[in-house]
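Report on the structure given below.
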Amino acid sequence: MTQDTAAPDGLLKRQISRRSMLTGTVAGLVAPAVLGLGAAPAAAHGNGNHGKPDKGKPGKDKVRRLTMYAEALPGGLIGYGLAPGQATVPGPTLEMWEGETFEITLVNTTDKRLSLHAHGVSYSYDSDGSPLNASFNEPGQSRTYVWRTHAAYTTKGGQWMPGSAGYWHYHDHALGTDHGTEGVKVGMYGALIVRRKGDVLPDRQYTVAFNGMSINNQVAPNVPVFEANQGERVEFVAIGHGNAFHTFHLHAHRWANNRTGYLTGPGDPTQVVDTRDLNPGDSFGFQVIAGENVGPGAWMVHCHVQSHSDMGMGGIFLVANKDGSVPDHAQAALHRYQGHAHP
Ligand SMILES: [Cu+2]
């Protein structure tokens, strides 16, 4: 393993602001950090992964203001949070409807230069989050970043312009280098979802970031378990960071390789996949019905680059029974996951 693809030192085997989810029942699942659609910031919990999203209605050119906090975490990590003391890795999932604008005031509680840079949305140069555009927070400084979104439209010249909807992400772009290389490495990233009117909303959400040789800055067997009950609609947002190419694979579930991850009907020709490239800067998302056609179980989520999975890039999508109880075979698999060794 070369240094530039290694997980940050001291990050392995550390739980990050999150209680163990390996206790067996989904009833123990903590509510996650998520800024829901059209809602006030929810309490931030967990590792940046997400329980019940707020089912808000699409806004019309609404401006929403929120405050995020960049905070140092144990193990040399730095996370984003929606309230003081609640930073997580990954950071909270931010959700917008096309047409909404976010005015995000980032409070830098650290002694390092850092920023907030978004993919997929529109912003002016001073909300770029890059040192190139003098857009960053000095140590201790607060700064407001404005992200705009829009629906699809046609230009006067007749050219069709796509809307902002997509599974995007945000991250630091100023810590360590002008590219935020150190910030990303220490956990300053999260999911940004822009939805289109009519999009299907999930029951649960999880961010799965392949960062260096880690998943969410953790390696097996300490990658937090992604939990759901049989039949729930679960949304995954996959993000790639670092210097290595990765391939995201989820066992026993499939999705459509398009913007939403689901097909629009029986005639939709979109390719259905269960593995997708996940390279640095990439992001995609999809929804699955947990356990559909396969039942409850401990299903692997892992990088399919063999050496990467052997080095610990593997987690568990734990699908419990409908009532939240965990079948014996899934509990046994969890124990195997917890106990297995990596070279
Ligand atoms: Cu990989």
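Counting convention: from 1, in listed order, for ligands and their atoms alike. Everything numeric in this text was worked out from a predicted model, so none of it was measured. Position 1 is the first residue of the sequence, and the numbers go up from there.
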Around His179, counting heavy atoms of other residues, nucleotides and ligands shown, do more than 12 lie under 6.0 Å from its NE2? no
Tell me, yes or no, whether the heavy-atom count around Phe245 atom CZ, taken from other residues, nucleotides or ligands under 6.0 Å, exceeds 12. no
Near the Cu ion (ligand 1), protein N/O/S count under 2.8 Å comes to 3
Is there a side-chain contact between Phe286 and Arg276, using heavy atoms and a 4.5 Å cut-off? no
With side chains defined as the heavy atoms from C-beta onward, is the minimum distance between Leu263 and Val272 less than 4.5 Å? yes
Ring centres under 6.0 angstrom apart (His171, Tyr189): no
N-O pairing of Glu235 and Arg195 below 4.0 Å: yes
